[in-house]
Amino acid sequence: MNKIYLLCTLIVGAGLQTVPADLTAPVSTNKCKTCVNNTYNPGRLKPVDSKTALKPGMKAPDFTLPAVKGGKVSLSQFRGKKNVVISFVPAAWTPVCSAQWPGYDLVKDLLDRNDAVMIGISVDNIPTQFAWITEMGGISFNVLSDFFPHGKVASAYGVLRGDGMAERALFVIDKMGIIRYVDVHNINERPPLEDLAAALKELSGR
Amino acid sequence: MFQSVKILGWLALGLCALALGGCVTSEPGGLAPGQLSAPEREMDRQYLGLAQAAGPITISDIQAEWLIIEVFDMYCHRCHLAAEEINQIYNRIQEKGCQNEVKMIGLGVGDTLMEANTFKTKFKVPFPALPDRSGKVASQFGAARPPGIIVLKKEAGKFKVVLNQNWDEGRAAFKGVLKACSPLS
C-alpha cells in the first residue's frame, strides 16, 4: 500500500497539470491540443454537400494527377494489376483528415492481402500536401493533388462540395476499373475500418 | 375499426420515437454512455478482474487501486509514436511488482473494435485496448486529445482522476515518474 501511495505522490509531485476536456472547440494552436500539431478545426460541417451519380457496377472515371512523391499517377495504370482504394479527404491540416491517412498506412497488410493499393486525394496543392504529410510523419501510399483545375477529379466522382473541398469518401475500384464500393461519408466522421475491410474482402472473394 | 387503426398508429409512432430516442442517447453497439464492451480475451478480463464474460462494463468495474489509461486513436500518427513508450510503463509496473494494484488499459477514442484491435496488434500493446467509439468514456475523466495518459485512483469504489495529460506535453514528466518508481521495490 505504501509503495502505491508513493507512486501517487510521485505522479502528483511530477508537477503535471490537468488538461481541460475541450475536445470540440475550434482551436488553431501550435500546442498539441489536437492529435496533430497545427491543425485547423473548422467545427462541425454539413455532413454531405454533394450527390455522386457513381454507383457500384459503373466504370470509374479515369484521371491523371500529380503526386506528392513526384510524377503523375493515373487510375488506368493499375488496370489489370491492382484493386484501388481511393480516399478523398476534405482538406489538409484539419483534425479528422489528419487522423485518417496515418491509419490507412497502418493497415497496409489489409490492402496487400486483397491485392489493393490506396490512393489519397485532396484538393490542396502539392506544397501544402507535402508539409502536411511531413507533419503526419510521412504517408507511404500515393497522395495526389486535385488542386488545378480545382477539384476536377472530385467533381468527376461527384464528391466536390459547394465550398470547394472534397467529401470524405472512399471508392473501391477493381482491377477492371469497375467501382465496387462507394462510401460518401459524413465529413465530420471517419469511415469505420470494418466497412472498408468488408468491401475489400468481398472484392477478393475471401 | 377506424379508432383501433388510429390507436395502433399512435402506438407505432410512440415506439418509433422511443427507438429513435434510444439511438440518440445510446452508444454504438447498444452501450449506454460511459459503458465499454468487455474485453474479448479471457486473459484480458482476468487481468482487469472482470467477472462477466461478455456485455457492457464500466471503468468502475475494473479491479485495481490505480488505473492508468492510454488514450489513443488508431489513425493518429502521434499515438503511433507514443505507443512503445507507453508500453514501457506497463513493463515497468510488472518489473516493480505493482501489477496487482496498478492496472492499465487503452481507450481507442473514436475507434471501432477492429481499429482498437489493430492498434493493439501493430504496437504490441501488452494490456487490454478497448474501443471508445463516441469518446464518452475517456471524456468523463476530462481526457485530452490522444495520445494521452489518465491516471485514476479508486476511492470508495469510484475512480478519481489524479492525472490527465496529453502524452506529447507530459512525456518528460511521466518518464520522471517511471524513473522515480525504482525505489518502490
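In what follows, chains are A, B, ... by sequence order, proteins preceding strands, each numbered from 1. What you see below is based on every heavy atom in this structure, not just the backbone, and it leaves out hydrogens, waters and symmetry mates. Here the structure is a predicted model, which means the values were calculated and not measured.
- A 4.5 Å side-chain heavy-atom check between A:Y157 and A:L54 finds at least one atom pair inside the cut-off.
- We find that B:K153 and B:E101 are not joined by a salt bridge, their nearest charged nitrogen and carboxylate oxygen being 4.0 Å or further apart.
- Open room surrounds CD on B:E40; 12 or fewer heavy atoms of other groups in view lie less than 6.0 Å from it.
- Using a 4.5 Å cut-off between non-hydrogen atoms, the part of residues 121-130 of chain B that approaches chain A consists of B:K122, B:F123.
- When heavy atoms are compared at a cutoff of 4.5 Å, B:L113 approaches chain A by way of both its backbone and its side chain.
- Across every non-hydrogen atom of A:G158 and A:S50, the tightest pair is O-OG, 3.2 Å.
- Between A:F88 and A:F171, the angle of the ring planes goes over 60°, which puts this pair in the perpendicular group of the 30/60° scheme.
- Using a cut-off of 4.0 Å between Lys/Arg side-chain N and Asp/Glu carboxylate O, B:R133 and B:D111 are scored as not salt-bridged.
- Classification of the A:W93-A:W132 ring pair by plane angle, with boundaries at 30° and 60°, yields tilted.
- Contacts between B:T112 and chain A at a heavy-atom distance below 4.5 Å involve backbone atoms as well as side-chain atoms.
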